[in-house]
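Since the structure comes first, as structure tokens, the remarks are kept for the end.
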Amino acid sequence: MTNRRTLLRGALLSAAGVAVGAVGATEVPRWCGWDHPPLGGGYAAAADNLSAVSRAEVSVRYYVETAEPVVAFTFDDGPGPRWTPMVLDALDAARIPATFFMVGRNLDEHGELVRGRMGAHEIGNHTWSHPDLATLDLRAITTELTRTHETIARVTGRVPTLMRPPYGHLGGSTLLAADSMGYDIVLWSDQMRERRYEDNPAGQVEAIVNAVRPGSIILAHDVGAKRRLVALQHLGEMIAGIKARGFRFATVSELVALGDRGTGSIS
């Protein structure tokens, strides 16, 4: 005879199945996972705060659609004392520009690493403390971006116009914050795979050199674990290989200027 516990368990499972069917399986992580959306923020891109909307669209760019053989290197999470000077040295030696998406607290602590060295390069906003913005509401995201915006202006004299969300995670409130602050959002089309090539730096070089296409935006990091060196110690080889394929380098904003701003992006 079926006992009471079995009946109860069956009823709960049945109810859960009906609920999942009603809202879709993709809703389950909202109930059970780490990414439960905060009240008034998270996933809704429009309805939670219309007063934050100042533009008809926000650019979210993976690459630039252009026929010109131009690519952009980007470096996230710095500046930091271990790898940022090495990256700047490699770029200087190759005489190419790049875009650095800086974490505000790192710039606040290590501003001396980049003072006087960013003339050829672009600086973007990568938040103050590197949280997952998809889990924050509009107020928290705006605070993260504003603190970094002000620190970039104070330390470098620049006014950033680009931001990159940590981990590439986007929630609706991120779009609203970017809109209200006049930012365009930059993601990437190619990236360093240090874990995959940890014991094969030549493979990492080859993968990047072969992957780039006109308008590629390439993700690297100038802060992090020692495995970053699989890419960073071989930037010169990557740059030489990409140049040998007939490409030149630009900052992200320079690359965007070559293409149609309404193509290759999500609005």
Quick check: does any side chain N or O of Asn106 sit under 3.5 Å from a backbone N or O of Gly80, one acting as donor and the other as acceptor? no

Going hydrophobic residue to hydrophobic residue with side-chain gaps under 4.5 angstrom, can you get from Met181 over to Met102? no

Would you check, one step at a time, whether the test side chain to side chain contact (heavy atoms under 4.5 Å, CB included) holds for Asp92 with His121? CA-CA 10 Å; Asp92 288 349; His121 307 302; 4.2 Å; yes

According to a hydrophobic-cluster definition based on side-chain heavy atoms being under 4.5 Å apart (Ile, Leu, Val, Met, Phe, Trp, Tyr only), do Phe75 and Ile242 belong together? yes

Would you call Glu194-Arg228 a salt bridge at under 4.0 Å N-O? yes

Apply side chain to side chain contact (heavy atoms under 4.5 Å, CB included) to residues Glu150 and Thr146 and explain how you reach the verdict. CA-CA 6 Å; Glu150 293 172 351; Thr146 299; 3.5 Å; yes

Check the orientation of His126 and His130. Use parallel for under 30°, tilted for 30 to 60°, and perpendicular for over 60°. perpendicular

Can you see whether Trp128 has Arg105 sitting over its ring - NZ or CZ less than 6.0 Å from the centre and within 45° of the normal? no

Salt-bridge contact Asp108-Arg154 (side-chain N to carboxylate O under 4.0 Å): yes

Which atom of His169 lies closest to which atom of Leu133, heavy atoms considered: O-CB, 4.5 Å

For Ile96 and Ile239, the nearest pair of non-hydrogen atoms, with its separation, is CD1-CD1, 3.4 Å

Listed by chain and number, what are the salt bridge (Lys or Arg N to Asp or Glu O under 4.0 Å) partners of Arg158, not counting sequence neighbours? none

Can you get from Ile218 to Trp188 by hopping between Ile, Leu, Val, Met, Phe, Trp and Tyr side chains that sit under 4.5 Å apart? no

Show, in sequence, the C-alpha distance, side-chain angles and deciding distance for Asp222 and Phe100, and conclude whether the side chain to side chain contact (heavy atoms under 4.5 Å, CB included) test is met. CA-CA 9 Å; Asp222 58 323; Phe100 289 80; 3.9 Å; yes

Aromatic centroids of His149 and Tyr183 separated by under 6.0 Å: yes

Inspect the contact between Arg164 and Asp77 and indicate whether a charged nitrogen and a carboxylate oxygen are less than 4.0 angstrom apart. no

Is a salt bridge present between Asp184 and Arg55, judged by a nitrogen-to-oxygen distance below 4.0 Å? yes

Side-chain (Thr151) to main-chain (Arg147) donor-acceptor, under 3.5 angstrom: yes

